[in-house]
Amino acid sequence: MAVTAIDAPRVLYRHPVSLTDRSSHYCPGCGHGIVHRLLAELIDELQLAPRTIAVAPVGCAVFAYDYLAVDWIEAPHGRAPAVATGVRRTNPDKFVLSYQGDGDLAAIGTAEIIHAAARGERMTTVFVNNGIYGMTGGQMAPTTLIGQKTTSTPLGRDPSLAGFPIPISEMLALMPGVSYVARGSVADPAAIGKLKAMLKRACEIQLAGGTFALVEVLSNCPVGWGMTAPESMAHLAEVAETYPVGVILDREKGIGSRTAAQKVVPA
Amino acid sequence: MAVTAIDAPRVLYRHPVSLTDRSSHYCPGCGHGIVHRLLAELIDELQLAPRTIAVAPVGCAVFAYDYLAVDWIEAPHGRAPAVATGVRRTNPDKFVLSYQGDGDLAAIGTAEIIHAAARGERMTTVFVNNGIYGMTGGQMAPTTLIGQKTTSTPLGRDPSLAGFPIPISEMLALMPGVSYVARGSVADPAAIGKLKAMLKRACEIQLAGGTFALVEVLSNCPVGWGMTAPESMAHLAEVAETYPVGVILDREKGIGSRTAAQKVVPA
Amino acid sequence: MIAHPAPLAAEPLATATAPAPAAAERVLWKGNEAIAEAAIQAGCDAYFGYPITPQAELLEWMARRMPELGRVFVQAESELGAINMALGAAATGARVLVSSSSPGISLMAEAMSYMAGSEIPMVLVDVMRGGPGLGSIGPSQSDYLQIVKGHGHGDYRLPVLAPASISEAMAIVADAFELAERYRTPVAILADGIMGQAMEPIVPAFREPARPASTWQADGATGRAPRVVKSLNLRPEDLEAHNDHLQAKFRIIAQREVRYATEDLADAEVAIVAYGTAARVARTAIARARAGGLRAGLIRPITLWPFPTAVIREAAPRLRGILVVELSAGQMVEDVHLAVEGRCPVAFHGRTGGMVPTPRDVLRELRVLWATTTPVPMAPSDEPRADVTWEADLWQ
Amino acid sequence: MIAHPAPLAAEPLATATAPAPAAAERVLWKGNEAIAEAAIQAGCDAYFGYPITPQAELLEWMARRMPELGRVFVQAESELGAINMALGAAATGARVLVSSSSPGISLMAEAMSYMAGSEIPMVLVDVMRGGPGLGSIGPSQSDYLQIVKGHGHGDYRLPVLAPASISEAMAIVADAFELAERYRTPVAILADGIMGQAMEPIVPAFREPARPASTWQADGATGRAPRVVKSLNLRPEDLEAHNDHLQAKFRIIAQREVRYATEDLADAEVAIVAYGTAARVARTAIARARAGGLRAGLIRPITLWPFPTAVIREAAPRLRGILVVELSAGQMVEDVHLAVEGRCPVAFHGRTGGMVPTPRDVLRELRVLWATTTPVPMAPSDEPRADVTWEADLWQ
Amino acid sequence: MILTVSPALPAPASADPHPLDIAVDHCKACELCISVCPHRVLALDPSVVNALGYHPIRLTDPAGCTSCVLCARICPDSVFTVYAPPRGAKP
Amino acid sequence: MILTVSPALPAPASADPHPLDIAVDHCKACELCISVCPHRVLALDPSVVNALGYHPIRLTDPAGCTSCVLCARICPDSVFTVYAPPRGAKP
Amino acid sequence: MTERSAIFAGFGGQGILFAGTVLARAAMAEGRQLLWIPSYGPEMRGGTASCTVIVADEPIGSPVVDLADAVIALNPPSLAKFEAILAPGGLLIVNTSLIEAEPQRTDIEVAPVPCTALARAAGDDLLVSVVALGALLARRRIVDVASARLALTQIVESKRPEILAADLAALEAGFAATSPVGAP
Amino acid sequence: MTERSAIFAGFGGQGILFAGTVLARAAMAEGRQLLWIPSYGPEMRGGTASCTVIVADEPIGSPVVDLADAVIALNPPSLAKFEAILAPGGLLIVNTSLIEAEPQRTDIEVAPVPCTALARAAGDDLLVSVVALGALLARRRIVDVASARLALTQIVESKRPEILAADLAALEAGFAATSPVGAP
Ligand SMILES: Cc1ncc(C[n+]2csc(CCOP(=O)(O)OP(=O)(O)O)c2C)c(N)n1
Ligand SMILES: Cc1ncc(C[n+]2csc(CCOP(=O)(O)OP(=O)(O)O)c2C)c(N)n1
Ligand code: SF4
Ligand code: SF4
Ligand code: SF4
Ligand code: SF4
Ligand code: SF4
Ligand code: SF4
Ligand SMILES: [Mg+2]
Ligand SMILES: [Mg+2]
């Protein structure tokens, strides 16, 4: 390795170029900031900035377009996958990035994400699952854990009234049009490292011409959860019991791939 | 067995009481008629007529309320599961029946059916999958087979443009709130017999206080498929290669039950 | 002076079935919370909603209270889910409330048209925010044209109530259920971000409307012929007959259910027409105007449909001009023009996007209107002189 | 006599890029098919739709033609999907068409509001059917209030074009794209079941509007600063500024883009105001009326917003009365009242639910109007005498 | 020549019980029953146009019918009422 | 007494390179970095209120920092720039 | 010639729209103005389908016909539904193969034609409305029968040449079935 | 007494809405009319939050205040934003712990109070707006300080009794921090 002059210190980490200098509106310790930073690092590393068309959700991350220096289109709540489909079909040579929260993707936007996946749209979706509606004040999301207290489940989520957490990523992984589905976490630096690898894979699949790729991120909402940021990160271990971290489907690598047919017991 | 007077012939089959006498508007040989008849038979056998609140879809079966002599509510296209949820929650002692086509349930109504299932609503859904939009003139449905010609896929469904058939029943079966998911067919009298058994199970689960139950029916659309009725029934064998017939989930009997967790490869 | 049809006013307060705070002491509730509790006390059987600012507290109040009372609360997967759950529950005869804010309201257009067509009673609250699109979460009145004119497809009208204070909002909730069931129609309540978020001390007095014996709902064909609640009539002849029936009903509502309040109109040279929060700003501006010797008055529509056309049309010739004030770029002003039909000048002042007109701005506009118009010979007025307090706006 | 702004009319026909049937021989197409092909020839890059009667043939035509031409066709999972795909595609600068019918249109309200707020150009075709609710599939004009007034939430206006013949529909498609892109706004075309399903022989002549150099779309920040296409402005001050910008734009459109046609108006004692299919019925009724000595005329709005207020207001004093004919319970009639402002009596005749007024009915209403009104001294008219053929309605 | 248009519903159950009652005016001539009848004793009747405009089904050979009920199981329009063969009738 | 409000961004990179640059006015005092710092050399500074109104992070013991970058990996607000320890610096 | 309007009505399966299309194409070939309006949607399955064709030399106004010049009733319901809409002196073609009922009006011209029987003779019941079209043109020269023959050929040749002969035979049979009475 | 309006403004974390609520409850306890209007939604995270309280003896009209009787500015942005809205002679309380800038207007009454410092002294930076409320009531008797003490007690006791003492101390500190000048 080349000799470095003592007065030119090596930089081990610096603010990514694609991440703007504005201080974010996110609450202290919010995982959205971590995910934004990882995406900015990847956009820099893969030199995607000039060819990316990103779609912003309605959720706390609606302001993503203030922080990631690429072209953005704001989608109505839950419709990012449809908006991204329109972008994809009319811009075959661009990199299409869609960013959604769990209320956005797994509640109001259920039909849109499932059909974008069914069509095998060539796009990369970042799905930030913090188990709550952060933006609107901490109401239950479809991903809220059983027993979890939210402003719309004050006594904790009771499945008999409010239903069960929805395994949306597993459902998406059932579809032939899907190339990659993984679930990562921002719980700690190690998990964040793995998460970045998943995100990178999800981007590279699109760049290689692959179909629909999605990374679910187990993230936190300290405010909505009524915890300190460190507490909320620790709590992600419990979340992972309902939403196990790992690669759910990597069709190319033969991980988790399965046809619907294999799951039926003939009558 | 009691002696029967020669002039009092035993009736082996007769028009069900709950099936009205109006001749249906369905095309010749349409499976909806068969499914209606089976439901009428079950309503008679289980004496459900006085306590049933049924929800009609938008599709050829919108007229179901003219043929099954129970209370009906017409739902907007795809929203039957939400409408049925409203009925269920406010009428705990009634029998809630929801009837949907594949366009209605698996396209526009994707979010509603998935979340009714996620909430584990105590209702019985009949899902008539004829792989096409019959009512509107034979356009592609999410369930249309690869290569199948429809009025909106004139050269046959090309997955790279129009996506893949969606395994919606298998997806529903992933959810903890679901008790029963099965796929039957109207291909021939034997299949119709099995189908009736599935429908009966789906009704009895609700009557026993169980959660969400759904029976997918592989049905035909001779007009939309451009086949004679007998040809269309024969074609169902091919359909069953993409949509295998059988019980997908019977939680009580431990068939097909699986938690999302079991399907993840830890990173 | 408050105008409302005798029947509703005549009805005695039903004692609330759900335990309510002792009517004696005042409570400090947000508008969203007050509306929710008023619905509960009005006998609401089921609430379906989806979170959105600035109405989230309404949903959250229901999330806590309804299960306590053994009633139905469902946070739906979307506004589409919520409004269609409401359709289903209401079609079985349940008393149902749904609430949302502008973008969510837009998603309910199809189902609202279905309910109007199927004659399903239900109450929808729109706590309006700035638009268009995602807009802002600030207070607004820019859904007027949507809710009053053209929300869903097809020929139908929607009774729309617009409270101007939290107390009035609570009274209006009971009236909304009553109207909905009396006429078998969905009814809308238009509020705005300030109405939803502000707190006023309120006397927790409630009313539970009697339930009409209804013979239409699909609640299981026990001992009777099956019923169908539907909007489909494939034969145009049948659908036209149904539309004629609906139109006849709408004409009756238009005749019987107009509600509005007037203040200082008797001797007014100029009048403001405004509803909801805009009317409150107008009220302060009018007070300042009168302090400065400019005789201004207020006409405050409480029902936006049916619109108080007659009172405006009757007052117009006696006025130098009318100033319409809205939290919008100019929506209700169309209905004012339809009422005035050129009988006097009509000016407009509006703020958009979450901004609210200030009393100072409105006063300025009043002065401009006064200065740019000519005096009208005072006709003997049939208006009572006495000013009206906001409490008096309550319909009990 | 056809009124339209110079700019559009002045523009020469661009030669269609997609191979079109030889302009010589006439073709027999359904309205739905003609509109679809006209869009293709106008340079439509992408179509997103969802099946619904009576517009299914439009989607099916696109399903066949667009892939042939290497362009984008997607049958969405729903109208919500379709309109949001359109939002995405159009936000990158593509020329996009979406079509549906009444119930499907209702589901597009939110996204339409977003597009208006985000200033995304796009053309939406509504082939209206009988409502409310599921209604019927018969022809109707009962989405007028929805599309023209209050479809989505928030303060925005939508340019709305209403063809009365298949040929005119084809010309209007090109104009719609041009308007959409010139003003960065969604534009709607209102047709009805008959317009969509009927066949007329048409000369396949097309126009592809030039593409404005646009500097706003999000198509990848190559060699430039990133762009954001959005409608959110959380600070009310910002959102109000944006609304002021939008309103200024709408005022310009209202000034420049009014289109209408008049027939037999010069010497008319009574006039019919009607658009689309209703105007065709009116035309036959007027011919029969004149054959019987009753001098009737026609004012046919081609743009429903901006509405041809001026021509109606100007004609009103010279008329015994105006008869508004619609396939609805009375929707456009509100705008006619706003234009007339009491200057002459306004009568209404409408059929609903898929029923269509007959020339006989309209003639009867004309006679009643004539008989119940008083003559007006003929003022010298600025209207040209010559009758106008429907072909002349085409804007090239 | 005038083709017979069948009388309106309900088709009167014939006095003397035989294997099948056929609600002629409900039949849409889809031929599903024909395709499943193991004894091929069903056929459309071109001499009749029923109320729906179809040539309805006819039992060509009552004796050949074993009352197996397959036709009734598949008929989408519930056209058939099936009776057991008279006692002592040979299978 | 007046609490110091830190200067507006950007925080000037100090001339003499040390393990960390801290963009003080981006810090929201969430303490995530503190929770992951293996050497516990980070703490909030109560004597300062930054532009966002928080007591921002401070490197309490520059010598104790090993430039392990964990703080930067988890910081949601990208507050840190991390430099390698100077040559020959003991670990 | 001024506007002429004809309404074909019958069972969904009787080729109503087809016959209307043949008439429309014939009119277009003659350089005429025309408007072809179908009944559409699900009611076409079963029940009664209808198709209105208006042919004229000037631009056509109203797409709805309240005074039809000709009604072709191919099944009982359509006779009941459309007899009333005929203009005085209008032509009513009755498919006597399926319709036993007698028309009520006396101010119209009735042409009883066993369309279904003739169609079957020509080879297929489904040709019934082509037969009726032939009969219509024999009584009312809305278009020249030659133009109809041409249009029929163009349409059928491309899709199902094998049945062209039968189609043409049906047209002739209908044309021959009723003696040309009344004004052209 | 006619209408009196006060606007509290500062960082999201400075307890702005809380102080407003205490004032509102105090006014309600006194049987007055009042209107409490928060700034709401996501902008409350970071950025500047504000809360308007109007107290009156007659029914209150406009919820928007264009002539405030008092503004409590707890951070630099809120001074910039709300100074202009003060009525002539209005009271401006400036949190000198965080705000170095000087108010521009000369026609208003300025009360510099080191609210944050006093709050910290009382036990917690977060009590800053309670301190400010105390200062407000010292200069403007919108409600009796006793009512405020009562309201504060009622609210805090139920939720977090352990911090009640500190809250009351903060109120007193603020009240003591500025000598009662100007009209009650
Ligand atoms: C149609 C519509 N419905 C509701 C809302 C209100 N809303 C804004 S964000 C949001 C959900 C946010 O939750 P999530 O997607 O999980 O994102 P998070 O804030 O948790 O990151 C909702 C319901 C809206 N803006 N539009
Ligand atoms: C909102 C809306 N969109 C579209 C339609 C038109 N439409 C009616 S039925 C139908 C789909 C029918 O397909 P399916 O659900 O498979 O039922 P099938 O007719 O095949 O039994 C559609 C798209 C509608 N009525 N409403
Ligand atoms: S509310 Fe939750 S998700 Fe939203 S910014 Fe705050 S912490 Fe993050
Ligand atoms: S169109 Fe298809 S599904 Fe509909 S009735 Fe006809 S055959 Fe059945
Ligand atoms: S199955 Fe039924 S409808 Fe079909 S031909 Fe046989 S009897 Fe007729
Ligand atoms: S009962 Fe069996 S044998 Fe008799 S007709 Fe029916 S299918 Fe044929
Ligand atoms: S993680 Fe970042 S924002 Fe949080 S305290 Fe550390 S430096 Fe500040
Ligand atoms: S680099 Fe490592 S040691 Fe240094 S402060 Fe950050 S976490 Fe602590
Ligand atoms: Mg979330
Ligand atoms: Mg189908």
Side-chain angles (χ1 to χ4, degrees), chain B residues 1 3-41 60 67-68 128 185-196 219-223 227-234 236, chain E residues 6 8-38 40 42-44 50-57 62 65-89:
Chain B
M1 179 190 115
V3 177
T4 320
I6 183 108
D7 58 2
R10 276 177 310 124
V11 175
L12 299 181
Y13 179 82
R14 82 148 45 94
H15 188 87
V17 177
S18 305
L19 193 65
T20 64
D21 255 342
R22 306 173 60 151
S23 61
S24 85
H25 73 292
Y26 297 116
C27 304
C30 174
H32 279 301
I34 300 173
V35 176
H36 285 16
R37 186 167 47 70
L38 293 180
L39 289 172
E41 290 171 24
C60 286
Y67 311 129
L68 287 180
V128 176
S185 159
V186 295
D188 55 56
I192 292 168
K194 292 202 186 101
L195 172 60
K196 185 175 175 181
S219 187
N220 63 336
C221 176
V223 167
M227 301 178 179
T228 67
E231 285 166 358
S232 69
M233 289 303 188
L236 285 177
Chain E
S6 70
L9 266 181
S14 88
D16 128 58
H18 65 302
L20 300 177
D21 272 348
I22 296 180
V24 181
D25 274 348
H26 274 347
C27 176
K28 293 181 188 149
C30 71
E31 305 191 4
L32 285 177
C33 55
I34 297 176
S35 71
V36 300
C37 174
R40 305 240 153 286
L42 293 168
L44 300 186
N50 71 2
L52 302 175
Y54 300 104
H55 301 309
I57 202 72
C65 168
T66 61
S67 302
C68 74
V69 192
L70 295 184
C71 53
R73 290 242 167 290
I74 202 162
C75 175
D77 290 281
S78 192
V79 164
F80 299 99
T81 308
V82 185
Y83 301 89
R87 297 253 168 288

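Proteins get letters first, then strands, A, B, ... in listed order; numbering begins at 1 in each.
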Participant: Which bit of Thr228(B) comes within less than 4.5 Å of chain E, counting heavy atoms only: side chain, backbone, both or neither?
Facilitator: neither
Participant: Can you check side-chain contact (heavy atoms from CB on, under 4.5 Å) on Asp25(E) and Leu52(E), steps first, answer last?
Facilitator: CA-CA 7 Å; Asp25(E) 274 348; Leu52(E) 302 175; 5.8 Å; no
Participant: Taking Ala72(E), Cys71(E), Ser35(E) one by one, which has the highest count of heavy-atom pairs under 4.5 Å against chain B?
Facilitator: Ala72(E)
Participant: Please classify the contact of Arg37(B) with chain E as side chain, backbone, both or neither, using a heavy-atom distance under 4.5 Å.
Facilitator: side chain
Participant: Under 3.5 Å, is there a donor on one side chain and an acceptor on the other for Tyr26(B) and Asp77(E)?
Facilitator: no
Participant: Report the distance from atom CG of Leu44(E) to atom SG of Cys33(E), rounding to the nearest 0.5 Å.
Facilitator: 7.5 Å
Participant: Could you tell me which residues satisfy side chain to side chain contact (heavy atoms under 4.5 Å, CB included) with Pro28(B), sequence neighbours excluded, listed by chain and number?
Facilitator: Lys28(E), Cys30(E), Tyr54(E)
Participant: Can you tell which part of Leu19(B) gets under 4.5 Å to a heavy atom of chain E, answering side chain, backbone, both or neither?
Facilitator: side chain
